[in-house]
Amino acid sequence: MRSKPANDTLNHQAVYDLIQSVPAGKVTTYGDLAMALGNPGASRAIGRILGQNPNPIVVPCHRVVMSDGRLGGYANGILRKKELLEREGLAFAKGSVNNFDQVRIKLPSSTHGLIRKSGIRS
DNA sequence: GCCATGGCTAGTA
DNA sequence: GCCATGGCTAGTA
(Lines give C-alpha, C1' and ligand atoms only; values in the text may rest on other atoms or scores of the structure.)
Protein backbone atom coordinates (compact mmCIF):
# COMPACT_ATOMS: atom_id res chain seq x y z
CA MET A 1 0.00 0.00 0.00
CA ARG A 2 1.21 3.34 -0.93
CA SER A 3 -0.37 5.41 1.82
CA LYS A 4 -0.69 4.55 5.43
CA PRO A 5 -2.21 5.97 8.58
CA ALA A 6 0.67 5.42 11.01
CA ASN A 7 1.26 8.21 13.46
CA ASP A 8 4.41 7.00 15.16
CA THR A 9 7.83 6.20 13.86
CA LEU A 10 10.96 4.67 15.33
CA ASN A 11 14.18 6.40 16.20
CA HIS A 12 16.82 4.37 14.38
CA GLN A 13 19.59 5.34 16.72
CA ALA A 14 17.54 4.11 19.66
CA VAL A 15 17.22 0.75 17.91
CA TYR A 16 20.97 0.47 17.45
CA ASP A 17 21.61 1.58 21.04
CA LEU A 18 19.29 -1.05 22.40
CA ILE A 19 20.83 -3.88 20.40
CA GLN A 20 24.14 -3.11 22.01
CA SER A 21 22.71 -4.37 25.29
CA VAL A 22 22.50 -7.91 23.91
CA PRO A 23 25.59 -9.85 25.06
CA ALA A 24 27.40 -12.55 23.09
CA GLY A 25 25.74 -15.91 23.52
CA LYS A 26 22.30 -14.36 23.86
CA VAL A 27 19.68 -13.17 21.36
CA THR A 28 16.64 -10.96 21.14
CA THR A 29 13.89 -10.67 18.55
CA TYR A 30 12.59 -8.07 16.15
CA GLY A 31 9.32 -7.97 18.04
CA ASP A 32 10.99 -7.62 21.44
CA LEU A 33 12.93 -4.62 20.17
CA ALA A 34 9.78 -3.06 18.77
CA MET A 35 8.05 -3.66 22.08
CA ALA A 36 10.88 -2.24 24.16
CA LEU A 37 10.82 0.87 22.00
CA GLY A 38 7.12 1.36 22.59
CA ASN A 39 5.92 0.42 19.12
CA PRO A 40 4.73 -3.17 19.29
CA GLY A 41 3.58 -3.34 15.69
CA ALA A 42 6.92 -2.33 14.26
CA SER A 43 8.74 -5.65 14.23
CA ARG A 44 8.99 -5.75 10.49
CA ALA A 45 10.21 -2.17 10.40
CA ILE A 46 12.93 -3.13 12.87
CA GLY A 47 14.21 -5.69 10.42
CA ARG A 48 14.28 -3.13 7.69
CA ILE A 49 16.17 -0.69 9.90
CA LEU A 50 18.77 -3.32 10.74
CA GLY A 51 19.31 -4.03 7.07
CA GLN A 52 19.97 -0.36 6.44
CA ASN A 53 23.14 0.65 8.01
CA PRO A 54 24.38 -0.87 11.16
CA ASN A 55 28.03 -0.75 11.90
CA PRO A 56 28.30 -4.48 12.50
CA ILE A 57 31.35 -4.00 14.71
CA VAL A 58 29.52 -2.04 17.35
CA VAL A 59 25.93 -3.10 16.69
CA PRO A 60 25.58 -6.89 16.92
CA CYS A 61 22.50 -7.16 14.75
CA HIS A 62 23.26 -10.83 14.13
CA ARG A 63 21.86 -11.40 17.63
CA VAL A 64 18.38 -10.43 16.49
CA VAL A 65 16.25 -13.39 15.39
CA MET A 66 12.61 -14.19 14.74
CA SER A 67 10.06 -14.65 17.51
CA ASP A 68 9.89 -18.40 16.86
CA GLY A 69 13.67 -18.88 17.10
CA ARG A 70 14.35 -19.02 13.37
CA LEU A 71 17.19 -16.95 12.02
CA GLY A 72 15.50 -14.15 10.14
CA GLY A 73 17.71 -12.25 7.73
CA TYR A 74 21.16 -10.77 7.56
CA ALA A 75 22.79 -8.31 5.17
CA ASN A 76 25.76 -10.61 4.64
CA GLY A 77 23.62 -13.72 4.31
CA ILE A 78 22.01 -15.86 6.96
CA LEU A 79 24.82 -18.37 6.66
CA ARG A 80 27.17 -15.73 8.03
CA LYS A 81 24.69 -14.87 10.75
CA LYS A 82 24.53 -18.48 11.81
CA GLU A 83 28.32 -18.75 11.90
CA LEU A 84 28.61 -15.71 14.13
CA LEU A 85 26.02 -17.04 16.55
CA GLU A 86 27.63 -20.47 16.64
CA ARG A 87 30.95 -18.85 17.43
CA GLU A 88 29.23 -17.26 20.39
CA GLY A 89 28.11 -20.62 21.66
CA LEU A 90 24.64 -21.06 20.19
CA ALA A 91 23.52 -24.22 18.44
CA PHE A 92 20.88 -24.78 15.79
CA ALA A 93 18.53 -27.52 14.74
CA LYS A 94 16.33 -27.34 11.68
CA GLY A 95 17.06 -23.65 11.25
CA SER A 96 16.08 -22.68 14.79
CA VAL A 97 18.09 -21.72 17.84
CA ASN A 98 18.31 -24.47 20.45
CA ASN A 99 16.95 -23.63 23.89
CA PHE A 100 15.48 -20.45 22.55
CA ASP A 101 13.79 -19.43 25.79
CA GLN A 102 17.01 -19.68 27.79
CA VAL A 103 19.12 -17.62 25.42
CA ARG A 104 16.50 -15.00 24.66
CA ILE A 105 17.12 -12.07 26.95
CA LYS A 106 14.68 -9.56 28.32
CA LEU A 107 15.33 -6.08 27.01
CA PRO A 108 15.37 -2.96 29.15
CA SER A 109 12.46 -0.76 28.12
CA SER A 110 13.51 2.43 26.45
CA THR A 111 11.76 5.77 26.51
CA HIS A 112 13.23 7.66 23.61
CA GLY A 113 12.42 5.11 20.95
CA LEU A 114 9.31 6.75 19.61
CA ILE A 115 9.14 9.88 17.58
CA ARG A 116 5.80 11.56 17.35
CA LYS A 117 5.13 12.66 13.83
CA SER A 118 4.23 16.30 13.56
CA GLY A 119 1.44 17.78 11.53
CA ILE A 120 -1.21 15.24 12.23
CA ARG A 121 -4.68 16.65 12.15
CA SER A 122 -6.93 15.61 14.96
C1' DG B 1 5.18 -1.57 -3.67
C1' DC B 2 8.75 -3.90 -1.37
C1' DC B 3 10.58 -6.18 3.05
C1' DA B 4 15.85 -9.19 7.91
C1' DT B 5 8.11 -9.94 11.20
C1' DG B 6 4.42 -11.83 13.79
C1' DG B 7 -0.02 -13.52 15.06
C1' DC B 8 -3.96 -15.95 13.86
C1' DT B 9 -6.87 -18.95 11.06
C1' DA B 10 -7.65 -23.07 8.07
C1' DG B 11 -7.17 -27.49 6.88
C1' DT B 12 -4.45 -31.71 6.55
C1' DA B 13 -2.33 -36.24 8.95
C1' DG C 1 -1.21 -18.96 4.18
C1' DC C 2 -3.09 -14.44 4.95
C1' DC C 3 -2.65 -9.75 6.13
C1' DA C 4 -1.60 -5.63 9.29
C1' DT C 5 2.30 -2.87 10.22
C1' DG C 6 6.16 0.72 9.57
C1' DG C 7 10.03 2.45 6.88
C1' DC C 8 11.86 3.08 2.52
C1' DT C 9 12.88 3.60 -2.64
C1' DA C 10 11.87 3.84 -7.37
C1' DG C 11 9.84 6.13 -10.68
C1' DT C 12 6.02 9.06 -12.56
C1' DA C 13 3.83 14.07 -12.93
Side-chain angles (χ1 to χ4, degrees):
Chain A
M1 7 37 227
R2 192 129 234 148
S3 53
K4 66 179 168 67
N7 290 346
D8 295 321
T9 188
L10 287 169
N11 176 2
H12 294 203
Q13 195 50 240
V15 175
Y16 298 138
D17 288 350
L18 198 49
I19 293 175
Q20 292 180 58
S21 67
V22 183
K26 300 287 184 180
V27 294
T28 188
T29 72
Y30 302 97
D32 287 350
L33 287 166
M35 186 69 71
L37 291 170
N39 199 341
S43 51
R44 187 134 192 200
I46 295 280
R48 262 203 124 285
I49 289 169
L50 295 196
Q52 288 298 314
N53 157 54
N55 178 349
I57 309 289
V58 37
V59 180
C61 53
H62 63 281
R63 295 181 193 142
V64 184
V65 300
M66 296 213 256
S67 64
D68 58 3
R70 280 169 22 241
L71 271 169
Y74 196 60
N76 294 294
I78 62 170
L79 180 58
R80 178 68 182 144
K81 183 174 186 175
K82 189 180 170 196
E83 284 173 0
L84 289 169
L85 289 173
E86 282 171 341
R87 184 172 310 174
E88 294 174 357
L90 299 195
F92 294 84
K94 198 248 153 203
S96 282
V97 185
N98 288 1
N99 304 118
F100 184 43
D101 351 333
Q102 352 283 336
V103 295
R104 177 187 192 173
I105 65 163
K106 179 158 55 178
L107 254 22
S109 50
S110 168
T111 356
H112 50 73
L114 271 186
I115 298 173
R116 202 84 201 164
K117 280 189 179 172
S118 53
I120 304 166
R121 54 169 173 71
S122 49

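Residue numbers begin at 1 in each chain, while the letters A, B, ... track the order of the sequences. Keep in mind that this is a model prediction, so the values were computed, not measured.
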So which residues get pulled into A/Tyr74's cluster when ILVMFWY side chains under 4.5 Å apart are joined, directly or through others?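 Listed partners: A/Leu84.
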A side-chain contact here means heavy atoms from C-beta on lying under 4.5 Å apart; do [X] and [Y] qualify?
{"X": "A/Ile105", "Y": "A/Pro23", "answer": "yes"}
{"X": "A/Val65", "Y": "A/Tyr30", "answer": "no"}
{"X": "A/Glu88", "Y": "A/Leu85", "answer": "yes"}
{"X": "A/Phe100", "Y": "A/Asp68", "answer": "no"}

Kindly compute the distance separating [atom1] ([X]) from [atom2] ([Y]), expressed to the nearest 0.5 Å.
{"X": "A/Arg48", "Y": "A/Leu10", "atom1": "CZ", "atom2": "CG", "result": "13.0 Å"}
{"X": "A/Asn11", "Y": "A/Asn39", "atom1": "CG", "atom2": "CG", "result": "12.0 Å"}
{"X": "A/Glu83", "Y": "A/His62", "atom1": "CD", "atom2": "NE2", "result": "11.5 Å"}
{"X": "A/Ile19", "Y": "A/Ile46", "atom1": "CD1", "atom2": "CD1", "result": "7.0 Å"}
{"X": "A/Leu18", "Y": "A/Leu107", "atom1": "CG", "atom2": "CG", "result": "4.0 Å"}
{"X": "A/Lys81", "Y": "A/Cys61", "atom1": "NZ", "atom2": "SG", "result": "7.5 Å"}

Tell me whether A/Val103 is reachable from A/Leu71 by hopping between hydrophobic residues (I, L, V, M, F, W, Y) whose side-chain heavy atoms are closer than 4.5 Å.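 Yes: a chain of side-chain contacts under 4.5 Å links A/Leu71 to A/Val103.
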Nearest non-hydrogen partners of A/Gln20 and A/Pro60, listed with the distance: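 Nearest heavy atoms, A/Gln20 then A/Pro60: CA-CD, 4.2 Å.
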Among residues 85-96 of chain A, which contact DNA chain B at a heavy-atom distance under 4.0 Å?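 Result for residues 85-96 of chain A: none.
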Using a cut-off of strictly less than 4.0 Å between a heavy atom of the residue and any atom of DNA chain B, enumerate the qualifying residues of residues 71-79 of chain A by number.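 When residues 71-79 of chain A is checked for heavy atoms under 4.0 Å from DNA chain B, the hits, listed by number, are A/Gly73, A/Tyr74, A/Ala75.
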Rounded to whole Å, how long is the line connecting atom [atom1] of [X] with atom [atom2] of [N]?
{"X": "A/Asn39", "N": "C/dA4", "atom1": "CG", "atom2": "C1'", "result": "13 Å"}
{"X": "A/Arg48", "N": "C/dA10", "atom1": "CZ", "atom2": "C1'", "result": "12 Å"}
{"X": "A/Gln52", "N": "B/dC3", "atom1": "CD", "atom2": "C1'", "result": "11 Å"}

Please list, pair by pair, any protein nitrogen or oxygen found under 3.5 Å from a nitrogen or oxygen in nucleotides 11-13 of chain B.
none

Using a cutoff of under 3.5 Å, can you pull out all pairs of nitrogen or oxygen atoms linking the protein to nucleotides 6-8 of chain B, with atom names and distances?
residue : atom : partner : partner atom : Å
B/dG6   : OP1  : A/Gly31 : N            : 2.8
B/dG6   : OP2  : A/Ser67 : N            : 2.7

Find the runs of at least 3 consecutive base pairs, i with j, i+1 with j-1 and so on, that include DNA chain C, using Watson-Crick or G-U wobble geometry with both distances under 3.5 Å.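 Result, WC/G-U stems under 3.5 Å: B:1-3 with C:6-8, B:5-8 with C:1-4.
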